[in-house]
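Working notes, beginning with the structure itself.
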Amino acid sequence: MVSTQSRPSSSANAASGLQYIETSAEGRSPNQSLLPLTAGVNDKDHLVVGGCDVTELVKEFGSPLYILDEVSLRTACQQYQGALAKHYGGEALAIYASKAWNCLAVCAVVKSEGMGIDVVSGGELYTALQAGFDTQKIYFHGNNKSREELAQAVEIGCNVVADNWLELRTLAELAKAQGKVISVMLRFTPGIECHTHEYIRTGHIDSKFGFDPEQLDGVFEFIKAEASLDCIGLHCHIGSQIFEIQPHRDLAGVLVDAFLKAQAHGLGVQQVNVGGGLGIRYTESDDPPSIAAWVEQVCDSMTQACEAKGLDLPKLICEPGRSLIGSACVTAYTVGSQKEVPGIRKYITVDGGMSDNPRPITYQSVYRSVVANHMSAPCTETVTVAGKHCESGDVVIKDASLPTTDSGDILVVMGTGAYNYSMSSNYNRLARPAGVIVKDGQADLILRRETLEDLVRFDALPSRLA
Ligand code: LLP
């Protein structure tokens, strides 16, 4: 039995891990919390998530370990859908951008919450289908879908978000050959800039994604002439980890104009998809809008843009990834070696790194951590948390403020639900960590830890080399 305590008043030791435990989960948006909503501290001074003592989870499932809080994920799904229902006068659907974390269990949770799903490859599509998603609720994205992937989309009849001419022509040909009509959304670049890392910006004109807006007239004409293509709507996505609201508001006007243009070409469009992009809180200084506030603004701007042009409200789709799952997960590592560079810095090394979380080395992403087995210990040191890969850049957190740590301590990095597992690798032949989903004191395996045998599973050894 684990007893949890919520964060003591602000006069308590603020320079400890406890500062990350907020007083009440009531009304909080998961994307605004550093730790999952169910986080607490038990009487052993250990971090508890989903009613499970994190140090016990590591004993049972090994280290490193992705720990996914089911309540946080479900709450985020419900907040998206609740806010859409509350603030939008027309039909609406939230779909999960599964590139953030695509695996059977995550798909199953999202599906059970009634959401749709965005997939970007045959692999993500396969997983969504295995998890039982209704094809009507699957939206197939990607800027270079293969002929095989498109054929599968036509075969199963999911929605395809068409990105370019090759895709449109191939889709038309494949659908015609199978005597089918395929539902197509058109992705175009809205020409909206926002403040986020240049690698995850997509709304600007010089982007590899989607049709250039100048091409839209020609695209609409092409689709109109193809009986096998049913243009159901338009899609834009402006980028990821965005805190600003205005770019999302501006997007409504751009989408409505394109929608009217499609109608003027005689297309029976019914849906607009505003993409995802809402950011999460990785550090104390991050201040993203809540899910409810973001959705309210998206609905309001879409409603206003439609009213201004006398357009009936189309079906509104949004496709969040990070803000649904990012803050729902933590990664537990075991601390190993330490190195003091006199007068410069102290390194502590964990048993993972850029293979389970490539975000710091890719985007210079900043994370926060706590020591799960000493939650109330005061933070007395500034250390650099390094990974175990053969790369100087393999740093999980630079200048982390932590209590004194020893080898064997459990270091928990927060906010690792989005784009960690999904971008993980076997670099240096590290086996990928296990993942568990936790709820009400129960932990269930959702990703089996890779073994050494797994690592050579796809190797082939030609007999002349054996
Ligand atoms: N829709 C489309 C078409 C997208 O390309 C993306 C993300 C999303 C929705 C979901 O965006 P979100 O709500 O998660 O911001 N690996 C990077 C993020 C890449 C985002 C790719 N597209 C990272 O780790 O920050």
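Indexing begins at 1, ligand by ligand and atom by atom, following the structure's order.
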As an exercise, identify every atom of ligand 1 less than 4.0 angstrom from a heavy atom of [X].
X    : answer
H235 : 3 (C)
D118 : 1 (N), 9 (C)
R359 : 23 (C), 24 (O), 25 (O)
G276 : 9 (C), 13 (O)
A97  : 8 (C), 9 (C), 10 (C)
P320 : 13 (O)
R322 : 12 (P), 13 (O), 14 (O), 18 (C), 23 (C), 25 (O)

Geometric N/O contact [X] with ligand 1, under 3.5 angstrom:
X    : answer
S323 : no
H141 : no
R187 : no
G275 : no
M423 : no

### Task
Decide salt bridge (Lys or Arg N to Asp or Glu O under 4.0 Å) for K439 and D444; before the verdict, give the C-alpha distance in whole Å, the side-chain angles of both, and the deciding distance to 0.1 Å.
CA-CA 9 Å; K439 183 165 187 275; D444 295 298; over 6 Å; no

### Task
Would you check, one step at a time, whether the test salt bridge (Lys or Arg N to Asp or Glu O under 4.0 Å) holds for K99 with D118?
CA-CA 8 Å; K99 67 206 80 182; D118 143 6; 3.4 Å; yes

Report the part of [X] in contact with ligand 1, treating N, CA, C, O as backbone and CB onward as side chain, heavy atoms under 4.0 Å; options are side chain, backbone, both, neither.
X    : answer
Y363 : side chain
E319 : both
S240 : both
V120 : neither

### Message
Are H141 and H237, when compared by the centres of their aromatic rings, separated by less than 6.0 Å?
### Response
no

#### Entry: Intermediate values then yes/no, salt bridge (Lys or Arg N to Asp or Glu O under 4.0 Å), R368 and E284
CA-CA 9 Å; R368 291 288 185 258; E284 310 72 16; 3.0 Å; yes

No-hydrogen, no-angle side-chain donor-acceptor test under 3.5 Å, [X] and [Y]:
X    : Y    : value
Y282 : Q241 : no
Q271 : Y139 : yes
N31  : Q79  : no

### Query
Touching ligand 1 at all, G277? Heavy atoms, strictly under 4.0 Å?
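True for this residue.
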
### Query
Between S29 (side chain) and Q32 (backbone), is there a donor-acceptor pair under 3.5 Å?
no

### Task
For the pair R249 and D300, evaluate salt bridge (Lys or Arg N to Asp or Glu O under 4.0 Å) and give the outcome as yes or no after the intermediate values.
CA-CA 8 Å; R249 290 201 64 100; D300 178 65; 2.9 Å; yes

### Message
One pair to check against side-chain contact (heavy atoms from CB on, under 4.5 Å): V298 and L316. What are the steps and the verdict?
### Response
CA-CA 9 Å; V298 165; L316 175 62; 4.2 Å; yes

### Query
By side-chain contact (heavy atoms from CB on, under 4.5 Å), which residues pair with Q215, not counting sequence neighbours?
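Q215: side-chain contact (heavy atoms from CB on, under 4.5 Å) contacts with W165, F211, D212, V219.
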
